[in-house]
Amino acid sequence: MPPSQPSCPQQADSTASRPDTSAAPAVDLTVIVPAYDEEDRLGPTLEAIRAHLAADEGATAWELIVVDDGSTDATADIAEAAAATEPRIRLLRTPDNRGKGHAVRTGVLASRGRRVLVTDADLATPIEELGLLARSLDAGATAAVGSRALPGSRIAVRQHAVRELMGRAGSRLIRAAAVPGIRDTQCGFKLFDGDKVRTAFARSRMDGWSYDVELLRFFHQRGWEVDEVPVRWSHQPGSKIRPLAYPTVLADLVRLRWHAADPVRLAVPALFLLVSFVLYGGLWGGLGHSYLADSGSDQTQWEWFFAVTADNVAHLHNPLFTELQNFPLGVNLMANTAMLGLSVPLAPVTLAFGAHVTWAIVLTGGLAVTACSWYWLIAKRFVRSRWAAALGGGFCAFAPPMISHGNAHPNFLVLFMIPLIVDRMLRLCEGTRPTRDAVLLGLFLTYQIFLGEEALLLAVTGLVLFAFGYAVADPDAARAVSGRLLRGLGIAALVALPLVAYPLGWQFLGAQSYHSVLHGEVGNNPMALLEYATRSLGGDARTAASLSVNRTEENAFFGWPLVALAVALVVRMWHQPRVRALGFTALAAAVLSLGRTIPLLGTDRTLPGPWRLVGKLPFFESVIESRVAMICVPALGILLALACDRLAARRMRSERERSHRRLGWAALAVALLPLVPTPYRTVEREPVPAFIADGTWREHVRPGRTLVPVPVPSPSDTEALHWQVRADLGFAFPGGYFNGPWGPDRIGIYGPQPRPTSELLRQIHETGKLPAIGDQQRREFREDLRFWKADAIVLAPETNGAALREAVTSLTGTEPRKTGGVWVWDVADPKSSPSGV
């Protein structure tokens, strides 16, 4: 029968369309009870609801709709019997079991109530709690949801501990992904404004348990007020929720976010990822044999870090130390840029596909994710236009200093945690949830330490500069938030310190630790701020080379048009304290990056730079000062986003205003187009000798002993690291490329402490001249072999190889044997024990 005759049971087909109820008189309240195989509980539930509503007979006109979702028991019969005695009860039936969401939708779209209550058939929340929800609607809310998670909630009988834990985890995920602010979306007791809930269900698609999430997200997106109300609740036996419901809800959340996603929000990350793949196309096109031409020795070193960390994880070894390089002293991995925050979680990838794949993933993915992270922060905190945020986020990740470090330094490329840290600090200033935000900040800082400590130090420096600039620009606002911020930072420190105490203790006090790395003066030339980098579209390799240490340290190179534009933007938006603070941050960082002495252009004179003071501070003494210019990148990126947002939002009524807008877009184009990065150049990697590749080395090196490459590995000669990775880390060797201590003061240096033999072979390799080799050199050689526990000396085809071969032959007193493409001297001491490592 049609819905206008509610006195008789009704069958309703399972459809998503809204039934025509326009001819039916409206009622004050509709109660919807979805039911599937509820013959044991439905009767008492319907009687309790009817009795409660009938008690208020004169004030409320009501109807009660039972939706039988394809039950296989007597559920429908019980509902029909109730309808036969009470004309305001209706039964709607679906031919098949389609899910709770479909059943509720069927009932709501057939409802006529000015308000609609949805309640479960087990009546876990008593119907008497309806008045609490009704008061919220009386106060102006459009929906009131019963909650088991608020302080005033009263839980009579709790669920099983595992189910309760899963429910809490699910609620947190739902809040984060779809319905912010609602702690309990799944409690089956909700009251809605009738017209609005019918509108929402007419557009809903979820048929399962997650229909609540879709519905409440619809209300949230429309700005319709939803109140969460603490209620009584008691777990009822016979729940229909099975373990598979939890992954199903998770899948529904993914579907919900995917279908509701703004195309711009999807397009921007996809664009960032595409750009990253284009830049590293040469690396991906030759996985395993392509080498970044401008990375020097660093690609080999980083692949070694990834391989060694994965091996430590697989064999449950100490991830902070290894003896595979610099044998027998070893390498302090925590004191080197091993990026344990990525190398450890990516260990399965390294073990399955190789360190070269991990290297490509870290560079490509790190660049794209960093861009996305800055884009998210700028969109959330600074601008309204998504494309303006995309411009700022893209600049923060793809600016010339970042692209320069993308040759070889992923610890300065993978910076996706920095925007998250900045956002959490801004939350502390707001003071909404200070303890939670402080704890999360502590965890974020901890993780960043395992991604890159120097990058974190530079980020903190930039934040201090910004805070100082903002305090000067708006002292009242700074005073208002300083207390909250300092308290939050204190809590964050208390969270982080216990987590990093042991790793940092190992870094600064453990084996092969050191105090500082002295680089000498490596400040930026002032002209470097105005020129273009090698990998920029407008760059010139010769000019960049004359103004930087190497292509991995082109830490400025913003180009004069961008510098001029940044000055103009600060002047134009001077009224905004945040703009003045950003301008100060960029200027101060640029000046600091000039180093201890600042040359006066056009003269041979210099001025003392402020780095003379900063460089004496703890930790800063190890920083390459030219890298401080990287602080300018996010400051400039946010300024560009603000300018783009201003141009996109302004309504230009006059021709003059339109001309100014066109001029603004042109200025952005002139400043940014020359900075567009070009793809990284790759070269074919040197092949690994067959002696290593086919495992012949095993016949010459016993377990616990070492293979000594000639020349002894150093930061300028790292091919042995690649050999070791190809040999599945089966042998150790002396020397290598790492940071370690030197001398009694334990000053940090690159590479091993020199030994007589390694120095002798290095000089021969560099000069090609064979010095006189006498008894002293042979005595020192034998002592070094004993120290290194050497079994074999290996010379691959090498520059000045003939002189090196003659030198080693003279030192050993034996002729080498050519095998597997290398010269081999077996120097094993037959009296030595291979177990004495």
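Because the structure is predicted, anything quoted here is derived from the model rather than measured. Numbers here are sequence positions counted from 1.
For T45 and D122, the side-chain atoms include no donor-acceptor pair closer than 3.5 Å. Side-chain polar atoms of E228 and S147 form a donor-acceptor pair below 3.5 angstrom.
Ring orientation note: the planes of Y447 and F416 are tilted relative to one another, at an angle of 30° to 60°.
For the atom pair L463 CG and Y470 OH, the distance stands at 14.5 Å (nearest 0.5 Å). To the nearest 0.5 Å, atoms CG (L215) and CZ (R105) are separated by 10.0 Å. Between atom CG of residue L216 and atom CD of residue Q221 there is a gap of 11.5 Å, rounded to the nearest 0.5 Å. Considering CG of D28 and CZ of R112, their distance stands at 11.0 Å, rounded to 0.5 Å. In this structure, the separation between CG on L92 and OG on S111 is 10.0 Å, given to the nearest 0.5 Å. Atom CG of L445 is separated from atom CZ of F450 by 12.0 Å, given to the nearest 0.5 angstrom.
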### Audit row: R198, D195, side chain to side chain contact (heavy atoms under 4.5 Å, CB included) steps and yes/no
CA-CA 5 Å; R198 284 185 282 270; D195 290 335; 3.2 Å; yes
### Task
Could you go through the salt bridge (charged side-chain N to carboxylate O under 4.0 Å, His left out) check for E214 and R217 one step at a time?
CA-CA 5 Å; E214 183 184 24; R217 181 174 174 79; over 6 Å; no
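By the salt bridge (Lys or Arg N to Asp or Glu O under 4.0 Å) test, R232 is found to be paired with E129, residues two or more places apart in sequence or in another chain being considered. Taking T30 as the reference, E63 meet the side-chain hydrogen bond (donor to acceptor under 3.5 Å, both in side chains) condition, with sequence neighbours excluded. Applying the side-chain hydrogen bond (donor to acceptor under 3.5 Å, both in side chains) criterion to E430, with sequence neighbours excluded, gives R381. Partners of T125 according to the side-chain hydrogen bond (donor to acceptor under 3.5 Å, both in side chains) rule, which considers only residues two or more places apart in sequence or in another chain, do not exist here. With sequence neighbours left out, the ring-ring contact (aromatic ring centres under 6.0 Å, His included) criterion links F219 to F192, W224. For W376, there are no ring-ring contact (aromatic ring centres under 6.0 Å, His included) partners, not counting sequence neighbours. Under the rule for a salt bridge (Lys or Arg N to Asp or Glu O under 4.0 Å), the partners of D437 that lie at least two apart in sequence or sit in another chain are R424. In terms of the side-chain hydrogen bond (donor to acceptor under 3.5 Å, both in side chains) criterion, residue partners of N97 (sequence neighbours excluded) are, by chain and number, D69. Applying the salt bridge (Lys or Arg N to Asp or Glu O under 4.0 Å) test to K196 and every residue at least two apart in sequence or in another chain returns nothing.
Between P434 and G431, the shortest heavy-atom distance links the atoms CD-O, 3.6 Å. For the pair A76 and D68, the tightest heavy-atom approach, listed with the atom from each and the gap, is CB-OD2, 3.6 Å. When all heavy atoms of V33 and A121 are compared, the pair lying nearest together is CG1-CA, 3.8 Å. The two residues L137 and A143 make their nearest non-hydrogen contact at CD1-C, 3.8 Å. The two residues A79 and L91 make their nearest non-hydrogen contact at CB-CD1, 3.8 Å. Listed here is the closest heavy atom pair of F218 and A200: CD2-CB, 3.5 Å.
Counting only distance, with no hydrogens or angles, the side chain of T75 and the backbone of S71 share no donor-acceptor pair below 3.5 Å. Between the side chain of S136 and the backbone N or O of A144, no donor-acceptor pair lies under 3.5 Å. Side-chain atoms of T94 come within 3.5 Å of backbone N or O of D96 as a donor-acceptor pair. Between the side chain of S373 and the main chain of V369, no donor-acceptor pair closer than 3.5 Å is present. Using modelled atom types, one side-chain atom of T370 and one backbone atom of L415 make a donor-acceptor pair closer than 3.5 Å. Judged purely by atom type and a 3.5 angstrom limit, S385 has no side-chain atom pairing as donor or acceptor with the backbone of D645. A distance-only check finds no donor-acceptor pair linking the side chain of D423 to the backbone of L377 [under 3.5 Å].
Put simply, the side chain of V229 does not reach to within 4.5 Å of the side chain of V145, judged on heavy atoms. Between I638 and I378, the closest side-chain pair of non-hydrogen atoms falls below 4.5 Å. For the pair R578 and L642, the minimum side-chain heavy-atom distance is below 4.5 Å. Looking at heavy atoms from C-beta onward, Y211 lies in side-chain contact with V104 at the 4.5 angstrom threshold. Using a 4.5 Å heavy-atom cutoff, the side chains of I78 and E38 are not in contact. The closest side-chain heavy-atom distance from L29 to L130 is below 4.5 Å. No side-chain heavy atom of T119 sits under 4.5 Å from any side-chain heavy atom of I32. The closest side-chain heavy-atom distance from V268 to W387 is below 4.5 Å.
For the pair E80 and R93, the salt-bridge criterion is met [side-chain N within less than 4.0 Å of a carboxylate O].
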For residues 473-481, which side-chain donor-acceptor pairs fall under 3.5 Å, sequence neighbours excluded?
from	atom 1	to	atom 2	distance (Å)
D474	OD1	A477	N	3.3
D476	OD1	R479	NH2	2.4

Donor-acceptor pairs under 3.5 Å, side chain of residues 483-504 to any protein atom, not counting sequence neighbours: which ones?
from	atom 1	to	atom 2	distance (Å)
R484	NE	C429	O	2.8
R484	NH2	C429	O	2.7

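The stretch residues 134-144 participates, sequence neighbours left out, in these salt bridge (Lys or Arg N to Asp or Glu O under 4.0 Å) pairs: R115-D138.
Checked against F444 for a side chain to side chain contact (heavy atoms under 4.5 Å, CB included), the options I421, I449, V439, I418 give a single hit: I421.
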